[in-house]
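Quick notes on the structure that follows.
Note that ligands are numbered from 1 as they come in the structure, with each ligand's atoms numbered from 1 the same way.
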Amino acid sequence: MKIAVIGANGQLGKDTVEAFTKNGDEVVGLTHSDIELSDVDSVSTRLREIHPEVIVNTAAMHHVENCEKEPQKAFVVNGLGSRNLATVARDLDAVLMQVSTDYVFDGAKSSPYEECDAPRPLNVYGNTKLAGEYFVRSTTEKHFVVRTSAIYGHNPCRAKGGLNFIELMLKLARERGEVKVVDSEFVTPTSTAELARQFVPLSRSGFYGLYHATAEGKCSWYEFAHEIFSLTNTKVNLLAAGANEFPAKVPRPKYSVLENRNLKQHGLNIFRPWQDGVREYLSSRQ
Ligand SMILES: NC(=O)c1ccc[n+]([C@@H]2O[C@H](COP(=O)([O-])OP(=O)(O)OC[C@H]3O[C@@H](n4cnc5c(N)ncnc54)[C@H](OP(=O)(O)O)[C@@H]3O)[C@@H](O)[C@H]2O)c1
């Protein structure tokens, strides 16, 4: 199939290009210099030239603090940009796979969020991503909206810069010998390589709709760090930070664990326990 990947030089985008290429698909990777989501003419012109059968949108404005500072820009990219894409995808009769986030939830639950749970974002980022979901779902029938959580991969996240959580923990342990990590926020660390591999069967399944797509299980950031140090035999004094020790500048859900209910119902779920993803990442680390 002919696949266009938007955000192709990003953390998830690079692995997405690789997963579809390995599958034998013809992949066209589009970076920000190739396409501007918020500009409908740019979206339309680029995609009409390519005429893909599937469009995977990994691009977003997703730096949480920057979204809070520039809410209008965040809405234009994450909300209206997704509408631009959905309109063009519909006109080209292409399937649109839109990546979304666990931050559409408020974290008030204490059991995993399913696709049928009502979203209630706490911040601008979550609100604008939710707007993007609604635009996609109401504009084009042939869509997959895929929510994920706490992603990490070998390619750096362009919006956040620097290191992913695993590399940051290993660096801090090396430099300081002591690391303090929040123990009161629960997520499911998800490898971008595994998520990208999930896109391949989902994209040709025909079961359009809303999906949660994360590794299995859950942990606090402290437990995530503990697993990293234990798998790498890193000697470090790991301390749990109290709930108010590192106050967040922007409200975030305390619990955003997702259940891959719809993937499982369609027999499509490929995800393993999150610890396996961390192990795979560490074993393929340069
Ligand atoms: N990070 C997480 O833990 C997490 C959790 C849940 C969901 N997500 C979602 O996962 C997706 C991928 O994240 P990631 O870490 O791979 O991001 P990333 O590394 O920052 O890559 C994002 C890509 O999007 C491009 N982009 C940004 N604004 C654009 C625009 N207006 N038009 C066209 N391209 C644009 C960026 O290009 P430039 O850098 O050149 O601007 C970059 O190539 C995002 O949709 C995010 O919301 C992330």
Original post:
Could you walk me through whether Leu37 and Leu85 pass the side-chain contact (heavy atoms from CB on, under 4.5 Å) check?
Top reply: CA-CA 7 Å; Leu37 285 181; Leu85 259 183; 3.7 Å; yes

**OP:** Return the residue, atom name and 0.1 Å-rounded distance of the protein heavy atom closest to atom 12 (C) of ligand 1.
**Re:** Thr58 O, 3.1 Å

Original post:
Going by atom types alone, do Ser284 and His154 pair a side-chain donor with an acceptor below 3.5 Å?
Top reply: yes

**OP:** Could you tell me the residue and atom name of the protein heavy atom closest to atom 1 (N) of ligand 1, and the distance to it rounded to 0.1 Å?
**Re:** Lys160 NZ, 3.1 Å

**OP:** If you have a sec, work out which protein heavy atom is nearest atom 25 (C) of ligand 1 and how many Å separate them, to one decimal?
**Re:** Ala59 CB, 3.7 Å

Subject >> Nearest-contact summary for atom 27 (C) of ligand 1 - protein heavy atom, Å >> reply: Ala60 O, 3.5 Å

Subject >> Side-chain (Thr31) to main-chain (Asn9) donor-acceptor, under 3.5 angstrom >> reply: no

Original post:
For ligand 1, is there an atom lying under 4.0 Å from some heavy atom of Tyr125?
Top reply: yes

Original post:
Which ILVMFWY residues can you reach from Phe224 by hopping between side chains whose heavy atoms are under 4.5 Å apart?
Top reply: Tyr152, Leu163, Phe165, Ile166, Leu168, Met169, Leu170, Leu172, Val179, Val181, Val187, Trp221, Tyr222, Ile228, Phe229, Leu231, Val236, Leu238, Trp274, Val278, Tyr281, Leu282

Subject >> Shortest protein heavy-atom distance from atom 32 (N) of ligand 1, along with the residue and atom involved >> reply: Leu37 N, 3.1 Å

Original post:
Is Val77 close to ligand 1, meaning an N/O of one under 3.5 Å from an N/O of the other?
Top reply: no

Original post:
Can you find a pair of side-chain heavy atoms, one from Thr58 and one from Val56, that are under 4.5 Å apart?
Top reply: yes

Original post:
In the protein, which heavy atom is nearest to atom 41 (O) of ligand 1, and how far is it?
Top reply: His32 ND1, 2.7 Å

**OP:** With heavy atoms only and a cut-off of under 4.0 Å, state how Thr148 meets ligand 1: side chain, backbone, both or neither.
**Re:** both

Original post:
Under 4.0 Å from any heavy atom of Gly10, which atoms of ligand 1 are there?
Top reply: 19 (O), 21 (O), 43 (O)

Original post:
Just heavy atoms, cut-off under 4.0 Å: does Gln11 contact ligand 1 by side chain, backbone, both, or neither?
Top reply: both

Original post:
Which bit of Ala150 gets closer than 4.0 Å to ligand 1, counting heavy atoms only: side chain, backbone, both or neither?
Top reply: backbone

**OP:** Please state which part of Arg147 comes within less than 4.0 Å of ligand 1, counting heavy atoms only: side chain, backbone, both or neither.
**Re:** neither

**OP:** Answer yes or no for Lys109 and Tyr113: cation-pi contact, defined as NZ/CZ to six-membered ring centre under 6.0 Å and angle to ring axis within 45°.
**Re:** yes

Original post:
Mind checking whether Met61 has a heavy atom under 4.0 Å from ligand 1?
Top reply: no

**OP:** Answer yes when Glu280 and Arg272 have at least one side-chain N-carboxylate O distance shorter than 4.0 Å, and no when they do not.
**Re:** yes

Subject >> Taking atom 7 (C) of ligand 1 as the reference point, the nearest protein heavy atom with its distance >> reply: Ser100 O, 3.4 Å

**OP:** Give the residue, atom name and distance (to 0.1 Å) of the protein heavy atom nearest atom 42 (C) of ligand 1.
**Re:** Arg158 CD, 3.8 Å

**OP:** Apply side-chain contact (heavy atoms from CB on, under 4.5 Å) to the pair Glu26 and Ile3, showing each step before the final yes or no.
**Re:** CA-CA 6 Å; Glu26 182 189 348; Ile3 318 284; over 6 Å; no

Original post:
Just distances here: any N/O of Leu12 and N/O of ligand 1 closer than 3.5 Å?
Top reply: yes

Original post:
Would you say Thr101 has any N or O atom under 3.5 Å from an N or O of ligand 1, going by distance alone?
Top reply: no

Subject >> Distance-only donor-acceptor check, side chains Asn155 and Gln11, under 3.5 Å >> reply: no

Original post:
Do any N/O atoms on Ile6 end up under 3.5 angstrom from N/O atoms on ligand 1?
Top reply: no

Original post:
Would you say Asn9 contacts ligand 1, with heavy atoms under 4.0 Å as the rule?
Top reply: yes

Original post:
Does one side chain, of Asn269 or Glu216, offer a donor that lies under 3.5 Å from an acceptor on the other?
Top reply: yes

Subject >> Qualifying salt bridge (Lys or Arg N to Asp or Glu O under 4.0 Å) pairs with a residue from residues 124-138, counting only residues at least two apart or across chains >> reply: Glu133-Arg147

Subject >> Backbone N/O of Asn123 and side chain of Glu68: donor-acceptor pair under 3.5 Å >> reply: no

Original post:
Heavy-atom contact under 4.0 Å between Gly81 and ligand 1?
Top reply: no

**OP:** May I ask you to decide if Ser38's main-chain N or O and Glu36's side chain share a donor-acceptor pair within less than 3.5 Å?
**Re:** yes

